Peer 1: 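Could you have a look at this structure, given as structure tokens, before my questions?
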Amino acid sequence: MKVDFYTSTREYNDKKEEFNNAVLGVMQKGISMLGTEVTDFEKAVQEFTGAKYAIGVASGTDALVIAADILGFIEEKITKDTAGIIPIHLFSQMGDMDKIMDIACIHDLRVLEDSAEAFGMRWKSNGLDYRHAGTIGDFGVFSFFPTKTLGAYGDAGMIVTNDEELARITKMYRVHGASKKYHYDYIGYNSRLDSIQAAILQVKIKYINESIKKREHIAKLYIDRLEECEFIKIPKIKWNQKPVYYVFNVLAQRRDELCEYLKANEIGNSIYYPIPLHLQKCFEYLGYKKGDFPVAEKIAENIIALPIYPEITEEEVEFVCETIKKFYKEII
Ligand SMILES: Cc1ncc(COP(=O)(O)O)c(C=O)c1O
């Protein structure tokens, strides 16, 4: 049995007509930048997340850069006068937003939630209803990179906020900083959400709750089958939140050998992320060395992501788990 780490073709084949109509619809109507496909999708994200404003941009990276720029999180500002905090809701769960918001409040800092991987995740603070990732701080950003929980067929992203003024400025920043055509109030970006991607995302957001549930079911199956395996550590969901299994990561002993073994058995897998930030070449200038962040380094050596997407079958997941167990039996 061959198990893909990720594939878009099963979903496409399931909903072929809807996707084809969405894409053809954009072409038949004639090109319109930031047209109704984009505004309709922005409205759908507002409704789903509860954010007052949602502004579509070209990618999650652009969303992060634009929002950081607006809040003044630029490099030379990282001093004792630090402007804010960027919590990253990574993999399947959110960071402790109560603690982060308390620190931000005490020090009067802005909060930009990197929710690129967190579409569908919700956080419960005492006395409040569940709030969607990205809607608790000043800004939240989403990535709709194809493999994401809500993924396009190319790059796409979104900035959300509850602040009217920040939303107004963001809309200018995504079109070169212009308040109206050829009137530039800011030095902005060219980062529009593409209409074809928005039309595709409009199709996919209709099924988002269903896809999140399917991911949860797959994650539970992995947990159930691998919990007993002493060589594998399963992630625990912390605090009061609703997780979304965008990826299913485990910590595995002899990870690199396991990785090769899975590949030899035609099981796709991936390492998120093999090199911690402080050891990346681009951050050499900061002067960190191996050993400075031992937890991140250990995780980078042991982490492995297993295949998870709504269309993966139970048989495939069983096969992945059996193959992992077989690997440890063979080497012990
Ligand atoms: C945590 C996080 N932030 C930002 C990004 C950037 O998003 P994009 O790939 O849409 O540019 C990603 C994408 O993988 C991500 O996982």
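The model shown is predicted, which means the values in this text are computed figures rather than measured ones. When a ligand or atom number is given, it counts from 1 through the structure's own listing order.
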Peer 1: State whether the shortest distance between N or O atoms of Gly60 and N or O atoms of ligand 1 falls below 3.5 angstrom.
Peer 2: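 In this structure, Gly60 places an N or O atom under 3.5 Å from an N or O of ligand 1.
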
Peer 1: Could you tell me whether a side-chain N or O of Glu316 sits under 3.5 Å from a main-chain N or O of Val3, the two making a donor and an acceptor?
Peer 2: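 Here the side-chain-to-backbone pair does not exist.
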
Peer 1: Which is closest to atom 9 (O) of ligand 1 in terms of heavy atoms, Ala63, Ser143, Ala152?
Peer 2: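 When every heavy atom of Ala63, Ser143, Ala152 is considered, Ser143 comes closest to atom 9 (O) of ligand 1.
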
Peer 1: Main chain of Gly151, side chain of Lys204: is a donor-acceptor contact present, judged purely on distance under 3.5 Å?
Peer 2: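 It does hold such a pair.
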
Peer 1: Starting from atom 3 (N) of ligand 1, locate the nearest protein heavy atom and write down its residue, its atom name and how far away it is, to 0.1 Å.
Peer 2: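 The answer is Asp114 OD2, 2.8 Å.
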
Peer 1: What atoms of ligand 1 come closer than 4.0 angstrom to any heavy atom of Ile88?
Peer 2: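 Selected atoms, number and element: 1 (C).
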
Peer 1: Considering only heavy atoms, does Val141 approach ligand 1 within less than 4.0 Å through its side chain, its backbone, both, or neither?
Peer 2: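 Neither part.
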
Peer 1: Is ligand 1 less than 4.0 angstrom away from at least one heavy atom of Lys148?
Peer 2: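 For ligand 1, residue contact (heavy atoms, under 4.0 Å) with Lys148 is present.
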
Peer 1: Can Lys242 be said to sit on top of Tyr130's aromatic six-ring, NZ or CZ under 6.0 Å from centre and within 45° of the ring axis?
Peer 2: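 Ring-cation test returns yes.
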
Peer 1: Counting heavy atoms only, which of Ala118, Pro146, Ala156, Ala116 is nearest atom 15 (C) of ligand 1?
Peer 2: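 Shortest heavy-atom distance from atom 15 (C) of ligand 1: Ala116.
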
Peer 1: Apply side-chain contact (heavy atoms from CB on, under 4.5 Å) to Phe48 and His132, showing your working.
Peer 2: CA-CA 8 Å; Phe48 184 79; His132 196 285; 3.7 Å; yes

Peer 1: Closer than 3.5 angstrom, by distance alone: can the side chain of Thr161 be matched with the main-chain N or O of Asp138 as a donor-acceptor pair?
Peer 2: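 A pair under 3.5 Å: yes.
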
Peer 1: Considering only protein heavy atoms, which is closest to atom 16 (O) of ligand 1, and at what distance to one decimal place?
Peer 2: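 Residue, atom and distance for the closest contact: Glu117 OE2, 2.6 Å.
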
Peer 1: Determine whether more than 12 heavy atoms belonging to other residues, nucleotides or ligands lie under 6.0 Å from atom NZ of Lys220.
Peer 2: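 Open: at most 12 neighbouring heavy atoms sit under 6.0 Å from NZ of Lys220.
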
Peer 1: Look at atom 6 (C) of ligand 1 and say which protein heavy atom is nearest, naming residue and atom and giving the distance to 0.1 Å.
Peer 2: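 Of every protein heavy atom, Thr61 OG1, 3.4 Å lies nearest to atom 6 (C) of ligand 1.
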
Peer 1: Against the six-membered ring of Tyr207, is Lys15 placed for a cation-pi contact (under 6.0 Å from the centre, within 45° of the normal)?
Peer 2: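 Yes; both conditions hold, so Lys15 lies above the ring face of Tyr207.
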
